[in-house]
K.L.:
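Could you have a look at this structure, given as C-alpha cells, before my questions?
One is the number of the first residue; the rest follow in order along the sequence.
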Amino acid sequence: MSEAYVHVPAPTLGAFVIEVCVAAGATEVDGRTVADHLVTANLYGHDSHGVGMLPKYVDSIASGQLDPKAHAEIRADGAILSIDGRRGFGQVVAREGIAAGIARARSEGLALAALRNAFHIGRIGTYGEQCAAEGLVSLHFVNVVGHPPLVAPFRGSDARFSTNPFCCAIPLGPGKPPFLLDFATSVVAMGKVRVAKNKGEVMDEGLLLDHQGQPTRDPGVMFPEIRGALVAMGLHKGYGLALACELLAGAVAGGRTVQPGTPRGLGIINNMLSIIVDPQRLVPDSFLQSEIQAMIDYAKASPPADPDLPVLVPGEPERERMAERMRTGVPIDLATWDELRGAAHSLGVLLPEVQAAPRVGSAAVARGGA
C-alpha cells in the first residue's frame, strides 16, 4: 500500500497552528501555548495528540463547545485547589491550574489540584514535565466526558468509559530530562485509531471490538454512529486503573463521570486530579538524585533480550523521536493534511506549501490554500 505523507518543519507547523487559533478567536499568547503543546506531541511521536486535533478544535469553537478566550478560574483552600477550566483550550487552562498547584506545593510542600470542565487537555505528560521542571514530583489522573464512552471494561463487550490517561513525573536533577510515565489506560489511544483510519491501515490484534463486541482490526469501527470499543490495557489491571482515573478525576475532582446521567454532545471535556509534591520536604536532594539515578542505571543494565533493543526508561523513546523529527520534520499523512486544509480554509488561513512523499511512486506537492 502506498502511504503518502508530508514532512513539515516544526517551526512552520507551530506558526500555522498559532495562525489558526488566532483566527478562531484566541490570543496569540494562548495560540502559542496550544501550538507548542500540539507540535511537541508530534515531535515526541504521539501524533494522536498532535496537530491532527486542530480540525476538531476548530469545529468545537464553531459549535460553541470550546471557548477560545476562556481562562482557568482557580479557588484555593490551603493545599487544595479547585480549578474550573470553563471549557477553554485545555492546553491553556490546565497549564494555568498546574502553575497554581506548583506555587502551592512550593509553599505547602504538597498540593492537590482538581481541574474540571477543560476542553481536551491533550498529552498529559506536558503537565508532568511542567512540574518536574520545577523539581517537583507529580501524579495525574484524567477522565473524559462530553461524548459517548470509548473503552470496554474487562469482560465487557461495549464501551463504558474513555481512554483515561495516567501520568507520573519525577525530576532527575538539574539539566536532566525527567522520568516521565504517561499512558492511556486503553491498549491504544483513540487518536491513534484516528491516525490509522486516515492512513488506511489496519490495527494490531487485541485492540478493538466491533459494535457486536467481536474482535476486529478495522479502525473504522470507532467512527460510525453505532461504534465499537477500544480494549483496556492489561486485562483486569488496566481496567481497574481506568476506573480509578474515572472516579478520581470525575467524582473526587468534581468534573463528573461518563455514566449516562452526565450530559454528552459537549465535545472532549477533560477532568484531572493532580498530586504535586516537593520531594525536598521528605529527603535531601543529594540522596534523591543519587538513589533515583542508581535505580535507573540498575534497570537499564539488564542484558537486552534483543541486542538491537536496549532497555529504556519512560521518556527516552519520545526524546529519540524528537531528535529525529527535528531533523526531518513532522510527518503528517495526507488525509490529516486535507483535514487541516479544510479547517484552515474555514477561517481564511492557508496551509504552508510543503513536499509530499509517498512510500512508493514519485513525489508530489501538497499545496496550501483552498
K.L.:
Mark yes or no for whether N271, through its side chain, and A118, through its backbone, hold a donor-acceptor pair below 3.5 Å.
P.N.:
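No, the answer is negative, given that no donor and acceptor are paired below the 3.5 Å cut-off.
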K.L.:
Within the distance-only criterion (no hydrogens, no angle test), does the side chain of E108 pair as donor or acceptor with the backbone N or O of G78 below 3.5 angstrom?
P.N.:
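Answer holds: no.
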K.L.:
Can you establish whether the number of heavy atoms outside R264 located under 6.0 Å from its atom CZ is more than 12?
P.N.:
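Counting other residues, nucleotides and ligands, CZ of R264 exceeds 12 neighbours.
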K.L.:
Please say yes or no: joined through hydrophobic side-chain contacts below 4.5 Å, possibly via intermediate residues, are L248 and I124 part of one cluster?
P.N.:
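No, it is not one cluster - the side chains of L248 and I124 are not joined through contacts under 4.5 Å.
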K.L.:
Would you call R341-D338 a salt bridge at under 4.0 Å N-O?
P.N.:
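A salt bridge is present here (some side-chain N lies under 4.0 Å from a carboxylate O).
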K.L.:
Any link between L340 and Y57 through a network of hydrophobic side chains (Ile, Leu, Val, Met, Phe, Trp, Tyr) touching at under 4.5 Å?
P.N.:
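Cluster IDs for L340 and Y57 match.
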K.L.:
Which of these, V187, V231, L230, sits in a side-chain contact (heavy atoms from CB on, under 4.5 Å) with L207?
P.N.:
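The passing option is V187.
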K.L.:
Would you check if the side chain of T262 reaches a backbone N or O of T257 as a donor-acceptor pair within less than 3.5 Å?
P.N.:
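Such a contact is found between T262 side chain and T257 backbone.
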K.L.:
Kindly state each residue pair satisfying ring-ring contact (aromatic ring centres under 6.0 Å, His included) with at least one member in residues 264-289, sequence neighbours excluded.
P.N.:
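Pairs touching residues 264-289 that pass the test: none.
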K.L.:
Salt bridge between D47 and K199, side-chain N to carboxylate O under 4.0 Å?
P.N.:
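Looking at K199 together with D47, the answer is no, because their closest N to O distance does not fall below 4.0 Å.
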K.L.:
Does the side-chain contact (heavy atoms from CB on, under 4.5 Å) test come out yes or no for Y5 and L334, once each step is laid out?
P.N.:
CA-CA 5 Å; Y5 56 94; L334 290 191; 5.7 Å; no
K.L.:
Among the clusters formed by ILVMFWY side chains lying less than 4.5 Å apart, do V137 and L81 turn up in the same one?
P.N.:
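In one cluster: no.
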K.L.:
Quick one: does any side-chain atom of Y127 pair with a main-chain N or O of C167 as donor and acceptor, under 3.5 Å?
P.N.:
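Pair absent, no side-chain N/O of Y127 close to backbone of C167.
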K.L.:
Not counting sequence neighbours, list each pair that qualifies as a ring-ring contact (aromatic ring centres under 6.0 Å, His included) and has a residue in residues 161-202.
P.N.:
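Qualifying pairs, neighbours excluded: F141-F166, F161-Y239, F166-F183.
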K.L.:
I need the minimum non-hydrogen distance between E73 and R86, along with the two atoms involved.
P.N.:
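Closest approach of E73 to R86: CB-CD, 3.9 Å.
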K.L.:
What are the two closest non-hydrogen atoms of D158 and P153, and how far apart are they?
P.N.:
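Closest approach of D158 to P153: O-CD, 3.4 Å.
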K.L.:
Return the set of residues passing side-chain contact (heavy atoms from CB on, under 4.5 Å) with E320 (not counting sequence neighbours), or none when no residue passes.
P.N.:
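For E320 the side-chain contact (heavy atoms from CB on, under 4.5 Å) partners, ignoring immediate neighbours, are L312.
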K.L.:
Test of understanding: with ring-ring contact (aromatic ring centres under 6.0 Å, His included), list the residues that count as partners of F154, not counting sequence neighbours.
P.N.:
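Applying ring-ring contact (aromatic ring centres under 6.0 Å, His included) to F154 gives H236.
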K.L.:
Is there a chain of hydrophobic side chains (I, L, V, M, F, W, Y, each step under 4.5 Å between heavy atoms) that links V349 to V17?
P.N.:
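Yes.
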K.L.:
Drop me the distance from S162's OG to I268's CD1, to the nearest 0.5 angstrom.
P.N.:
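These two atoms lie 8.5 Å from each other.
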K.L.:
How close do A232 and V151 get, heavy atom to heavy atom, and via which atoms?
P.N.:
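Between these two residues, the closest heavy atoms are N-CG1, 3.8 Å.
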K.L.:
Would you tell me whether D210 and T216 have side-chain atoms, one donor and one acceptor, within less than 3.5 Å of each other?
P.N.:
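The criterion, which ignores hydrogens and geometry beyond distance, is not satisfied for T216 and D210.
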K.L.:
For V221, is there any backbone N or O sitting under 3.5 Å from a side-chain donor or acceptor partner on H211?
P.N.:
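Absent.
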K.L.:
Going by an N to O cut-off under 4.0 Å, is there a salt bridge joining R194 and E339?
P.N.:
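Answer for the salt bridge query: no.
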K.L.:
Which pair of heavy atoms, one from F119 and one from G267, lies closest together, and at what distance?
P.N.:
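So the minimum-distance heavy-atom pair works out to CE1-CA, 4.0 Å.
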K.L.:
In the single-linkage hydrophobic clustering (I, L, V, M, F, W, Y; side-chain heavy atoms under 4.5 Å), do L110 and I170 co-cluster?
P.N.:
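Yes, L110 and I170 fall within the same hydrophobic cluster.
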K.L.:
side-chain contact (heavy atoms from CB on, under 4.5 Å) with P11: which residues, sequence neighbours excluded?
P.N.:
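With sequence neighbours excluded, P11 shows a side-chain contact (heavy atoms from CB on, under 4.5 Å) to P9, given in chain and number order.
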K.L.:
The test is salt bridge (charged side-chain N to carboxylate O under 4.0 Å, His left out); show your working for E316 and K300 and say whether it passes.
P.N.:
CA-CA 11 Å; E316 285 188 310; K300 293 185 66 173; 2.5 Å; yes
K.L.:
Quick one: closest heavy-atom pair of A105 and R281, and the distance?
P.N.:
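Of all heavy-atom pairs spanning A105 and R281, the closest is O-NH2, 4.5 Å.
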K.L.:
Could you check whether any side-chain N or O of S302 sits under 3.5 Å from a backbone N or O of A299, counting only pairs where one atom can act as donor and the other as acceptor?
P.N.:
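Not confirmed, S302 side chain does not pair with A299 backbone.
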K.L.:
Verify, without hydrogens or angle tests, whether E96 (side chain) and A72 (backbone) share a donor-acceptor contact under 3.5 angstrom.
P.N.:
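The answer is yes, because a donor-acceptor pair under 3.5 Å joins these two groups.
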K.L.:
Tracing side-chain links under 4.5 Å among I, L, V, M, F, W and Y, which residues wind up in one group with V195?
P.N.:
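Besides V195, the hydrophobic cluster comprises nothing; the residue is isolated.
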K.L.:
Counting heavy atoms not belonging to L241, are there more than 12 under 6.0 Å from its CG?
P.N.:
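Yes.
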K.L.:
Counting heavy atoms not belonging to K237, are there more than 12 under 6.0 Å from its NZ?
P.N.:
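No, because the 6.0 Å sphere around NZ of K237 holds 12 heavy atoms or fewer from other groups.
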K.L.:
Is it the case that more than 12 heavy atoms not belonging to D77 sit under 6.0 Å from its CG atom?
P.N.:
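Not more than 12 within 6.0 Å, no.
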K.L.:
Please check if the side chain of R116 supplies one atom and the backbone of D84 the other of a donor-acceptor pair under 3.5 Å.
P.N.:
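Side chain of R116 to backbone of D84, a donor-acceptor pair under 3.5 Å: no, none is there.
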K.L.:
Give a yes or no on this: more than 12 heavy atoms of other residues, nucleotides or ligands lie within 6.0 Å of atom CD of Q293.
P.N.:
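Enclosed.
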K.L.:
We want to know whether D182 and H140 form a side-chain donor-acceptor pair, criterion being a heavy-atom distance below 3.5 angstrom.
P.N.:
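Result is no, nothing qualifies.
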K.L.:
Between N164 and T185, is the side-chain hydrogen bond (donor to acceptor under 3.5 Å, both in side chains) condition met? List the steps.
P.N.:
CA-CA 6 Å; N164 292 7; T185 50; 5.1 Å; no
K.L.:
Count the heavy atoms belonging to other residues, nucleotides or ligands that lie under 6.0 Å from NE2 of H147, then report whether that count exceeds 12.
P.N.:
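More than 12 heavy atoms, drawn from other residues, nucleotides or ligands, come within 6.0 Å of this atom.
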K.L.:
Any donor-acceptor pair under 3.5 Å linking the side chain of Q212 with the backbone of Q214?
P.N.:
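No, Q212 side chain to Q214 backbone: no donor-acceptor pair under 3.5 Å.
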K.L.:
Could you walk me through whether L43 and V330 pass the side-chain contact (heavy atoms from CB on, under 4.5 Å) test, one step at a time?
P.N.:
CA-CA 6 Å; L43 288 171; V330 174; 3.8 Å; yes
K.L.:
Given W337, which of N198, V354, V51 fulfils the side-chain contact (heavy atoms from CB on, under 4.5 Å) condition?
P.N.:
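For W337, the side-chain contact (heavy atoms from CB on, under 4.5 Å) test succeeds with only one of N198, V354, V51, which is V354.
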K.L.:
Shortest non-hydrogen contact from G97 to I83?
P.N.:
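Nearest pair, atom of G97 first, then I83: CA-CD1, 3.7 Å.
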K.L.:
Could you go through the side-chain contact (heavy atoms from CB on, under 4.5 Å) check for V92 and V34 one step at a time?
P.N.:
CA-CA 7 Å; V92 173; V34 175; 4.2 Å; yes
K.L.:
Take atom CD1 of I226 as the centre, draw a 6.0 Å sphere, and report whether it contains more than 12 heavy atoms from other residues, nucleotides or ligands.
P.N.:
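Counting other residues, nucleotides and ligands, CD1 of I226 stays at 12 neighbours or fewer.
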K.L.:
side-chain contact (heavy atoms from CB on, under 4.5 Å) for E246 and R160? Distances and angles first, verdict last.
P.N.:
CA-CA 11 Å; E246 190 73 40; R160 297 291 162 137; over 6 Å; no
K.L.:
Quick check: are there more than 12 heavy atoms from other residues, nucleotides or ligands sitting under 6.0 Å from CZ of R32?
P.N.:
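Open.
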